Amino acid sequence: MDWCARHWSAIRPGPEARRGAVWGTLAAAAVCVLIAGLYLRTGFGFVFDFAFAIVAAAVLVPLIAVVVAFLLKIARKLPPMATGLMIGSCCIVLLVFFPPQLGILVAIVAGVVEGSLGAAIATFVTGRFATAAMSKKIVTVSICLIAVTANVWLVWLLAHDGSLDNVTSWRPPANTMPEQLPASNPSENGPYRVKMLFYGAGNDVRRPEYGSSVAIKTRTVDASDFFKDFDGWKRWARKEYWKFDLDKLPLNARVWYPDGPGPFPLALLVHGNHQMSEFSDPGYAYLGELLASRGFILVSVDENFLNSGLFHDPPKQQAVRGWMLLEQLKLWREWNQDSGNPFHGKVDLERIAVMGHSRGGEAAATAALFNRLKYDPEDANIHFDFGFSIKSVVAIAPVDGQYKPAGQHRWIEDVNYLTLQGANDADVSSFMGSRQWDHVRYTRPGPWFKAEIYAYRANHGQFNTLWGRTDAGQPQSWFLNLRPLMPGKDQRRISKTYIAAFLEATLHDRDEYRPMFEDWRVARAWLPDTIYLNRYRDASYQALASFDEDADLTTTTAPGGHMTGENLSIWHEGRIPWREGDRDYNGVFLGWNRAKGAAAPAYTITLPEGAAAKWQLGAASTLELSIAALDEDAPLPGTKSDKNKKPEESKKDRESPDFTLELVATDGAIVSAPVSLFAVMPPPLKETFTKLGPLESQAYEKPWEPVFQTVRAPLTAFQGSKTFDPRKIGVVRLKFDRTPMYVICLSSLGFGSRK
């Protein structure tokens with residue numbers, strides 16, 4: 001203790017070091033004030049933003065300093081005001097780098113690093129460094145070098161794009177590729193010359209394109225009934241910014257349309273949530289120009305006034321986003337009948353699509369729901385009277401569940417549905433559109449289908465040219481791992497290809513494009529080189545098992561059927577997980593680990609008696625499964641899996657799973673085929689969203705999530721008994737004889753038919 005006391009007296013920092021530490025942390029806070037002024041983006045201009053940031057810091061730092069000084073005065077442990085100022089400065093850093101899991105980390109690092117650097121510099125300058133003890137010189141120089149090194153590392157961390165850790169190079173084997181689709185590339189411009197105009201209320205004070213120069217002046221709509229609980233300073237501030245209140249929301253949009261007599265199908269597209277002062281609706285011009293050239297009217301709807309801004313997010317705006325799409329359609333119905341309107345007779349109101357990105361994707365599904373309702377699900381005083389002929393819904397990286405009508409999942413019926421998702425989406429990091437896909441149902445025979453496309457190395461923002469590569473606002477985006485992302489032009493080629501083909505198939509009745517939704521590989525020449533998964537289902541589908549009907553592992557969804565497992569390591573039903581949470585519906589989890597020489601594990605589903613005849617199975621029928629590969633190890637049968645195994649102990653790169661599908665007829669005839677004959681399932685795709693491990697695990701929990709691939713197997717493609725009759729199918733068996741060990745999740749199994 002005496003030795004420690006002697007050396008501490010030699011090296012302990014003097015008053016000048018404390019002052020330097022204060023100045024160091026104040027400097028860190030000042031830099032953050034500068035960052036806040038640059039990226040606050042309230043919409044009132046940089047002068048207001050900087051003034052607000054400076055005033056906030058000038059008030060908060062001394063206030064927190066006084067509180068901390070008071071607490072420390074009671075404790076009498078640390079220099080009160082100096083410690084208070086340092087903690088106050090760190091709190092400013094925390095607020096600028098909100099959310100907490102990021103802000104706390106940055107605040108601690110900034111406090112320690114910049115405080116140490118400031119203390120070292122102050123000791124050099126005003127602490128009689130030349131006459132100090134050698135031990136103090138060594139400690140001071142060491143601290144200075146460590147702090148400078150840490151600052152260099154921090155600058156490098158924030159400036160570089162990230163790493164390619166966890167990025168897989170797997171691609172489907174070339175010998176498994178089907179023939180290219182014999183159709184024209186849907187991402188190429190069509191024969192029409194494109195025209196463009198703006199319409200709106202004509203009094204917008206923020207955007208001249210929606211001011212007095214609009215080509216068509218429109219009415220406003222009263223949405224105040226949706227916002228009965230929205231009042232106070234937040235509503236006042238929003239009104240002051242936009243110069244209109246919630247009872248006078250404008251119907252604004254920019255339109256790309258073909259130069260021709262028509263009538264043309266109509267597609268409305270709405271953006272998602274973004275800073276309301278950074279207007280999002282211009283970011284889909286690339287889709288507008290393409291679709292208009294191919295004979296569609298594309299309307300990019302302005303709903304920026306429902307977006308986040310002024311330090312709040314308007315409550316209940318998710319429902320209003322969908323409702324406003326239907327109010328927009330009212331305009332188009334009127335214009336189509338108005339002889340004085342430039343769109344008179346040019347709109348095919350029997351062929352309508354609603355589309356959206358992010359919250360706009362959820363809004364598109366909400367519009368399809370509201371279109372068939374008489375009342376708002378949460379307030380019968382709000383009457384609906386729409387009834388438009390909405391044929392198709394497109395959701396680009398949508399959210400799902402932010403708005404649940406009357407607390408229920410949003411079921412939409414008898415429409416075509418397409419959802420696109422990037423695997424490297426750091427904003428909507430789970431494939432939420434896939435849950436809405438499962439909540440699209442068909443109540444009668446028809447031409448409808450639903451599809452989902454999941455693209456590796458695509459993010460959230462690059463579907464909009466103005467949102468770009470970063471899926472978070474600055475400065476938070478400085479911590480995102482951007483290096484794995486594909487170029488924005490390539491990502492938009494995915495949306496152009498699939499959205500144009502989807503509208504061609506569903507609004508122009510061009511069925512030649514349908515196969516690319518059943519199997520993305522037939523369209524590979526039109527797409528960027530990356531990994532894709534896709535699910536497909538049409539109105540012909542008959543469910544044999546969805547694993548959601550009860551708690552009995554042996555019963556099928558179709559009454560009377562049953563299931564058995566043989567030699568499986570894992571067999572259970574449960575919620576299908578997402579990266580965070582779960583999908584709120586079940587699948588069956590099957591794992592096998594086949595010992596050498598042992599019988600192949602199998603999962604057998606016996607059809608209800610007479611099901612094959614009831615479902616009219618025959619030569620045109622297909623066996624359909626939705627399968628996801630899991631990043632888990634299956635134990636040997638009869639042993640327990642190691643739940644405590646660390647992630648790094650499992651395989652880093654897994655192979656593609658494969659197994660045999662076997663069909664058994666009631667007369668004993670058997671045919672079979674490998675799954676890989678119909679679809680190649682990628683191994684689990686892993687993503688690293690941020691540059692820091694602690695932040696990654698806090699913000700995103702897991703590096704992967706189950707993503708489903710449809711296997712659509714024509715019954716005529718199976719081989720074996722020449723006497724096999726599809727009309728007599730009694731058993732479907734999954735025989736796990738091709739990949740030695742794997743764990744998969746099956747979300748559905750049933751039968752469909754090909755046209």
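Here the structure is a predicted model, which means the values were calculated and not measured. When a residue number appears, it is its place in the shown sequence, counting from 1.
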- Should the ring pair His312 and Trp233 be called parallel, tilted or perpendicular, given that the plane angle runs from 0 to 90° and is split at 30 and 60? perpendicular
- Query: Taking the inter-plane angle between the rings of Phe52 and Phe48 on a 0 to 90° scale, is it parallel (under 30°), tilted (30 to 60°) or perpendicular (over 60°)?
  - Reply: parallel
- Query: Would you find more than 12 non-hydrogen atoms of other residues, nucleotides or ligands less than 6.0 Å from Lys137 atom NZ?
  - Reply: yes
- Is there a donor-acceptor contact under 3.5 Å from the side chain of Ser224 to the main chain of Leu246? no
- Query: Are a donor atom and an acceptor atom from the side chains of Asp425 and Asn459 found within less than 3.5 Å of each other?
  - Reply: no
- Which heavy atom of His460 sits nearest a heavy atom of His357, and at what distance? O-NE2, 3.1 Å
- Looking only at heavy atoms, which two atoms of Val22 and Thr25 are closest? And how far apart? O-OG1, 3.0 Å
- Interatomic distance, Asp313 atom CG to Ser308 atom OG [nearest 0.5 angstrom]: 3.5 Å
- Query: Could you go step by step and tell me if Asp302 and Arg254 meet the salt bridge (Lys or Arg N to Asp or Glu O under 4.0 Å) rule?
  - Reply: CA-CA 8 Å; Asp302 163 37; Arg254 56 192 71 217; over 6 Å; no
- Query: Would Tyr454 and Leu685 count as a side chain to side chain contact (heavy atoms under 4.5 Å, CB included) if you check the C-alpha gap in whole Å, the side-chain angles of each, and the deciding distance to 0.1 Å?
  - Reply: CA-CA 11 Å; Tyr454 187 83; Leu685 301 180; 4.1 Å; yes
- Rounded distance [0.5 Å steps], OG in Ser429 versus CH2 in Trp578: 10.0 Å
- Message: Between Glu705 and Lys686 (side chain of the first, backbone of the second, donor and acceptor by atom type, cut-off under 3.5 Å), is there such a pair?
- Response: no
- Task: Please say whether the positively charged group of Arg207, taken as NZ for Lys or CZ for Arg, lies over the ring of Phe279, i.e. under 6.0 angstrom from the six-membered ring centre and within 45 degrees of the axis.
- Result: yes
- Item | Expected output: side-chain Glu378 to main-chain Ala406 donor-acceptor under 3.5 Å | yes
- If you measure from CZ on Phe311 to OG1 on Thr42, what distance do you get to the nearest 0.5 Å? 6.5 Å
- Note on the structure: Value for CD (Glu696) from CG (Leu480), rounded to nearest 0.5 Å, stands at 9.5 Å
- Task: Considering non-hydrogen atoms only, spot the tightest contact between Ile64 and Cys91 and give its length.
- Result: CD1-CB, 3.6 Å
- Item | Spacing of CZ belonging to Arg483 relative to CG belonging to Leu164, to within rounding of 0.5 Å | 4.0 Å
Under 3.5 Å, side-chain donor or acceptor atoms of residues 146-162 against the rest of the protein: list the pairs with distances, not counting sequence neighbours.
{"from": "Thr149", "atom 1": "OG1", "to": "Leu145", "atom 2": "O", "distance (Å)": "2.7"}
{"from": "Asn151", "atom 1": "ND2", "to": "Glu114", "atom 2": "OE1", "distance (Å)": "3.4"}
{"from": "Asn151", "atom 1": "ND2", "to": "Ala147", "atom 2": "O", "distance (Å)": "2.9"}
{"from": "His160", "atom 1": "ND1", "to": "Trp156", "atom 2": "O", "distance (Å)": "3.0"}
{"from": "His160", "atom 1": "ND1", "to": "Leu157", "atom 2": "O", "distance (Å)": "3.2"}

- Short side-chain donor-acceptor distance under 3.5 Å, Asn464 and Tyr284: yes
- Hey, what do you get for CZ (Phe479) to CG (Leu102), rounding to the nearest 0.5 Å? 5.0 Å
- Taking ring pair (Phe, Tyr, Trp, His ring centres under 6.0 Å) as the test, write out the residues that go with Trp3, two or more places apart. His7
- Heavy-atom nearest pair, Phe244 first then Lys248, reads CD1-O, 3.6 Å
- Test of ring centre spacing under 6.0 Å for His271 and Trp467: no
- Task: Please step through salt bridge (Lys or Arg N to Asp or Glu O under 4.0 Å) for the pair Asp400 and Arg410, ending with a clear verdict.
- Result: CA-CA 9 Å; Asp400 180 66; Arg410 180 180 35 254; 3.0 Å; yes
- Cation-pi geometry met for Arg206 and Tyr241 (6.0 Å, 45°): yes
- Query: Is Glu16 reaching over with its side chain to a backbone N or O of Ala119, donor-acceptor style, under 3.5 angstrom?
  - Reply: no
- Message: Any side-chain to backbone donor/acceptor pair from Arg469 onto Leu482? Under 3.5 Å, distance only.
- Response: yes
- Cut-off 3.5 Å, side chains only: do Asp281 and Ser300 have a donor facing an acceptor? no
- Message: Under the criterion side chain to side chain contact (heavy atoms under 4.5 Å, CB included), I'd like the reasoning laid out for Val221 against Met324: C-alpha separation, chi angles, the key distance, then a yes or no.
- Response: CA-CA 8 Å; Val221 292; Met324 288 203 68; 3.9 Å; yes
- Item | Chi angles and distances behind the side chain to side chain contact (heavy atoms under 4.5 Å, CB included) call for Glu278, Leu466 | CA-CA 9 Å; Glu278 297 176 350; Leu466 300 180; over 6 Å; no
- Please answer whether the main-chain N or O of Tyr403 pairs with a side-chain N or O of Gln318 as donor and acceptor at a distance below 3.5 Å. no
- Ignoring hydrogens and geometry, is there a side-chain-to-backbone donor-acceptor pair from Gln317 to Asn307 under 3.5 Å? no
- So which heavy atom on Trp704 is nearest to which on Pro684, and how close? CE3-CB, 4.4 Å
- Task: Please examine the side chains of Lys228 and Asp379, heavy atoms only from C-beta on, and report whether any two atoms are closer than 4.5 Å.
- Result: yes
- Item | Close side-chain approach of Glu362 and Thr366, heavy atoms under 4.5 Å | yes
- Any donor-acceptor pair under 3.5 Å linking the side chain of Tyr456 with the backbone of Thr168? yes
- Query: So, Thr688 and Asn481: side-chain donor and acceptor under 3.5 Å apart, yes or no?
  - Reply: no
- Message: Within the structure provided, determine whether Leu94 and Val106 are in side-chain contact (heavy-atom separation under 4.5 Å).
- Response: no
- Note on the structure: Shortest non-hydrogen pair, Gly37 vs Asp49, comes out as O-CB, 3.5 Å
